Amino acid sequence: MPIYVGSQKIKDIYYGGVKIGKIYRGNTLVYTSLAYPIDTVIYESSTAGTSTVELEEGIYEVYCIAGGGGGHKQSVLVLSGGGSGSGYIGQIKIPKGSYQIIVGAGGQGGKDSGTNGGNSSIGSLITAYGGGRGNDGRGAGGSIPTLNATEVSRTLMVAGNNGNKYNPGASVYSGYGAGGVPASNGSSGYVKIVYKGN
């Protein structure tokens with residue numbers, strides 16, 4: 001919660017050279033320098049599409065999983081599973097601003113040809129790449145994600161898994177962005193943003 005002197009909002013309070021994080025009056029918190037309570041989920045979706053979020057400066061744990069490629073089945077002899085999307089999970093520093101969020105769609109499966117999975121991204125900070133469509137007995141896993149942010153810690157940063165003639169590429173995280181079995185759609189990606197502090 002902010003503190004005001006008249007109508008002027010006071011963003012930061014210092015004691016000498018030390019920044020004060022919280023001020024209490026008795027047991028009541030009357031000031032905090034945090035943008036949100038720790039572990040606030042700012043955004044979470046596994047539905048393919050584009051949206052925009054406003055973020056305050058801080059450290060955020062981000063999950064960015066791309067969509068899986070669609071599977072292909074022309075006949076019992078000509079078939080292949082789609083590749084899974086790549087994924088990133090980690091804590092990064094994000095400047096204050098407006099960010100476009102894209103959750104990659106799963107690629108369509110088909111008799112003649114599947115389609116690639118869609119990329120997932122958080123602005124230009126992180127992009128995970130969609131899995132390839134099933135084709136000629138193989139669906140390529142999405143390329144390793146691109147990171148354009150200051151990283152605090154990392155849990156996951158991997159390319160997607162390849163599909164093969166009989167099996168789709170396995171999801172890199174919790175079932176999101178898996179490749180499609182032959183002739184079936186891949187699954188959509190996943191994006192989550194959690195506030196972790198200043």
Side-chain angles (χ1 to χ4, degrees), residues 43-51 53 60-92 94 99-194:
Y43 179 91
E44 182 176 23
S45 180
S46 59
T47 301
T50 302
S51 55
V53 297
Y60 294 83
E61 183 173 54
V62 298
Y63 299 66
C64 189
I65 312 297
H72 170 232
K73 183 178 181 181
Q74 186 172 344
S75 70
V76 293
L77 297 177
V78 182
L79 69 167
S80 54
S84 69
S86 65
Y88 176 84
I89 301 172
Q91 293 190 16
I92 61 174
I94 298 182
Y99 294 88
Q100 183 182 73
I101 309 298
I102 299 175
V103 178
Q108 293 184 337
K111 180 178 179 180
D112 296 323
S113 178
T115 61
N116 297 332
N119 298 341
S120 292
S121 59
I122 301 172
S124 61
L125 301 174
I126 176 74
T127 301
Y129 298 98
R133 64 186 179 91
N135 186 39
D136 293 331
R138 180 177 182 269
S143 299
I144 194 162
T146 300
L147 180 65
N148 292 308
T150 300
E151 189 174 52
V152 176
S153 64
R154 180 186 298 178
T155 302
L156 179 79
M157 187 169 185
V158 295
N161 295 304
N162 295 333
N164 58 38
K165 186 173 182 179
Y166 301 107
N167 299 300
S171 165
V172 298
Y173 174 73
S174 197
Y176 300 111
V181 299
S184 295
N185 297 344
S187 61
S188 296
Y190 175 70
V191 174
K192 183 178 181 181
I193 303 173
V194 184

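Residue numbers run from 1 in the order of the sequence given. Bear in mind the structure is a predicted one, so any value in this text is a computation, not a measurement.
Nearest heavy atoms, Val103 versus Thr47: CB-O, 3.5 Å. For Ser80 against Asn135, the heavy-atom pair with the smallest separation is OG-N, 2.8 Å. The two residues Ala105 and Ser188 have their closest heavy-atom pair at CA-OG, 4.1 Å. Taking every heavy atom of both residues into account, Pro182 and Lys165 meet most closely at CG-O, 3.9 Å. Heavy atoms only, all atoms of each residue included: Gly67 and Ser120 are closest at N-OG, 4.4 Å. Residues Ile102 and Asn119 share a closest heavy-atom pair of CG2-O, 3.5 Å.
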- Task: Please report the C-alpha distance between Thr146 and Tyr129 in whole Å, then the side-chain angles of each, then the deciding distance to 0.1 Å, and finally whether the side-chain contact (heavy atoms from CB on, under 4.5 Å) criterion is met.
- Result: CA-CA 9 Å; Thr146 300; Tyr129 298 98; 2.7 Å; yes
- Query: Does the side-chain contact (heavy atoms from CB on, under 4.5 Å) test come out yes or no for Val62 and Ile89, once each step is laid out?
  - Reply: CA-CA 6 Å; Val62 298; Ile89 301 172; over 6 Å; no
- Applying side-chain contact (heavy atoms from CB on, under 4.5 Å), run through Glu44 and Ile193 and close with a yes or a no. CA-CA 6 Å; Glu44 182 176 23; Ile193 303 173; over 6 Å; no
- Task: Give the intermediate values and the outcome of side-chain contact (heavy atoms from CB on, under 4.5 Å) for residues Ile144 and Ser86.
- Result: CA-CA 6 Å; Ile144 194 162; Ser86 65; 5.8 Å; no
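In this structure, Ser187 contributes its side chain and Ala178 its backbone to a donor-acceptor pair below 3.5 Å. Without hydrogens or angle criteria, Ser84 side chain to Gly160 main chain gives no donor-acceptor distance under 3.5 Å.
Contact check for Tyr60 versus Val194: no side-chain heavy atoms found under the 4.5 Å cut-off. Within the 4.5 Å cutoff, the side chain of Ile92 has no heavy atoms near those of the Val152 side chain. Using a 4.5 Å heavy-atom threshold, the side chains of Ile94 and Leu125 count as touching.
Taking NZ of Lys192 as the start and OH of Tyr176 as the end, the distance is 8.5 Å to the nearest 0.5 Å. In this structure, the separation between CD1 on Ile122 and CD on Gln100 is 12.0 Å, given to the nearest 0.5 Å. Separating the CG atom in Leu79 from the OH atom in Tyr166 is a distance of 6.5 Å, to the nearest 0.5 Å. With values rounded to the nearest 0.5 angstrom, Arg133 atom CZ is found 6.5 Å from Asn116 atom CG. Atom CG of Asn161 and atom OG of Ser171 lie 8.5 Å apart (nearest 0.5 Å). Rounding to the nearest 0.5 Å places CD1 of Ile126 at 13.5 Å from OH of Tyr99.
For the side-chain contact (heavy atoms from CB on, under 4.5 Å) with Ile101, the qualifying choice from Ser121, Ser51, Cys64 is Ser51, the only one to do so.
No side-chain donor-acceptor contact under 3.5 Å links Tyr63 and Ser174.
Other residues, nucleotides and ligands contribute only 12 or fewer heavy atoms inside 6.0 Å of the NZ atom of Lys73.
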